[in-house]
2 protein chains.
Amino acid sequence: MSAVTSPLVWEHVQPAAARRLLTGAIDAFAERGFQATTTRDIASRAGMSPAALYVHYPSKERLLFEISLYGHRAALDVLRAAGTDGSPEERLRGMVAAFTAWHAEHHTIARVVQYELAALTPEHLAEVAVIRRAISAEVEQVLADGVADASFAVDDPPGTTLAVLSLAIDVARWYTPHRGDPVALGALYADLAHRMVQT
Amino acid sequence: MSAVTSPLVWEHVQPAAARRLLTGAIDAFAERGFQATTTRDIASRAGMSPAALYVHYPSKERLLFEISLYGHRAALDVLRAAGTDGSPEERLRGMVAAFTAWHAEHHTIARVVQYELAALTPEHLAEVAVIRRAISAEVEQVLADGVADASFAVDDPPGTTLAVLSLAIDVARWYTPHRGDPVALGALYADLAHRMVQT
DNA sequence: GTCTATACGTAGATAGAC
DNA sequence: GTCTATCTACGTATAGAC
């Protein structure tokens, strides 16, 4: 199974009750947003009483932080795995295809990752911001490599980096399964991104 | 003053107290989100007590709806004004430049327009959805015109329409004034969008 | 049209039994 | 580790005086 279609795996979250709370919180936060989600809603999705949540997590925000941190790490891993080998064109195409498909395939957690940052504490936000900068750095580097070997023509590297990432990130906003196959979308976006930078 | 830099004007909202509530709500909803914003916060931004809000608006949701409706109409107007004349390339560039610059210049209301749809009642959502479809139709048409006269090469017109709009819409998520001039950003994005479709 | 006071519901989180 | 019961705070919205 390729990185593009790898599922998110939650076996490392133990015990099972903590895992049910986490996955229930992802669904609830993605559907309704962090602020509109109640601890009662999360607990009932996990089949338990509101009080039981606090045995596993000290607060609703902590649940969000664990989701956000894990989601950011997963997105960075997918991007790096897809952009390691080949020419700048191959790496850019691989990165955009994989990062886009990840946002479609995992649009629930991607929505939490991309749209609930403001609900994190400043300390927790700083921690995920490190990962966000690493994501940007990967794209910026492949564009620089393509400019260096003259396979890309890029007028504004920081602006183009932001645009390429932005295109993939916004998938989390609008994607639903009826809008098509994540891998096909990734292929389209890889092509559009390459067109943005080709000589 | 061009459509790209035209300010949003609120003189039509009367009396002044209703206007202060509306603009205060835009700032609050953009900063914190609809759910996290309290009627007390909106009222205090307008310099009045929580109860006074209900003289002007029957609910917090109604305030959101009026903001969302007006914002959607403004965005559609800007898109249409910029995409009326010229070749498909000129129209596409004009539309992307103007729509992008609008999302940067008016990123507060744009954030409400793009990210608070889920907080509208089903009836109010249906009303703004009409405007959203009109926005998509404008872009889809210019791509079709460019394909028809062979100035564009587009493999997947609906997917590319979505991508072009998505790029501009996502500006509302990340833009802050320190990230540069809205008009310069519009020019960059117009170029990137044209590269996506050129033969 | 704005105020103070308040009704009413529900939120996050805790106490203590089992 | 889960439950029931509950605390305390705060949310939207209303009542009624001025």
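Proteins get letters first, then strands, A, B, ... in listed order; numbering begins at 1 in each. Note that the structure is a prediction, hence the values are computed from the model and not measured.
A:Ser68 contributes no side-chain N or O that, together with a main-chain N or O of A:Leu64, makes up a donor-acceptor pair within less than 3.5 Å. Looking only at distances, no side-chain donor or acceptor of B:Gln198 sits under 3.5 Å from a matching main-chain atom of B:Ser151. B:Thr160 places no side-chain N or O within 3.5 Å of a backbone atom of B:Pro157 that could act as its donor or acceptor partner. For the pair B:Tyr175 (side chain) and B:Ala101 (backbone), a donor-acceptor distance under 3.5 Å is absent. Judged by distance alone, with hydrogens and angles left aside, the side-chain atoms of A:Thr37 form a donor-acceptor pair with the main-chain N or O of A:Ala28 at under 3.5 Å. Between the side chain of B:Arg111 and the backbone N or O of B:Ala172, at least one donor-acceptor pair lies under 3.5 Å. Checking side-chain atoms of B:His107 against main-chain N and O of B:Ala104 turns up a donor-acceptor pair under 3.5 Å.
Rounded to an integer number of Å, the gap from B:Leu63 CG to D:dA13 C1' is 14 Å. Between B:Leu64 atom CG and D:dT12 atom P the separation is 13 Å, expressed in whole Å. In this structure, CD of A:Gln35 is placed 13 Å from C1' of D:dC10, rounded to the nearest angstrom. A straight line from CD1 of B:Ile42 to C1' of D:dA13 spans 13 Å, rounded to a whole angstrom. Atom-to-atom, CG of B:Asp41 to P of D:dC10 comes out at 14 Å; the value is rounded to the nearest Å. Note: NE2 (A:His56) to C1' (C:dT14) measures 16 Å, nearest angstrom. Rounded to whole angstrom, the span from the OH atom of B:Tyr57 across to the P atom of C:dT2 amounts to 12 Å. Per the geometry, CG belonging to B:Leu21 stands 14 Å off P belonging to D:dA13, to the nearest Å.
Residue contacts shown for A:Pro58 are absent, as no nucleic acid heavy atom lies under 4.0 Å away.
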Kindly determine whether A:Leu120 and A:Glu61 satisfy side-chain contact (heavy atoms from CB on, under 4.5 Å), including the steps that lead there.
-> CA-CA 6 Å; A:Leu120 294 167; A:Glu61 190 275 342; 3.7 Å; yes

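Contacts with DNA chain C (heavy atom under 4.0 Å) in residues 44-53 of chain B: B:Met48, B:Ser49, B:Ala51, B:Ala52, listed by number.
Side-chain proximity of A:Arg40 to D:dG1, C:dG12, D:dT12: nearest is C:dG12.
Remark: A:Asp170 engages A:Arg173 in a salt bridge, criterion side-chain N to carboxylate O under 4.0 Å.
Between its two ends, the helix from C:dG1-D:dC18 to C:dC18-D:dG1 turns its axis by 0°, counting five pairs per end and rounding to 10 degrees.
Between B:Tyr54 and D:dA13 there is a side-chain polar atom (N or O) within less than 4.0 angstrom of OP1 or OP2.
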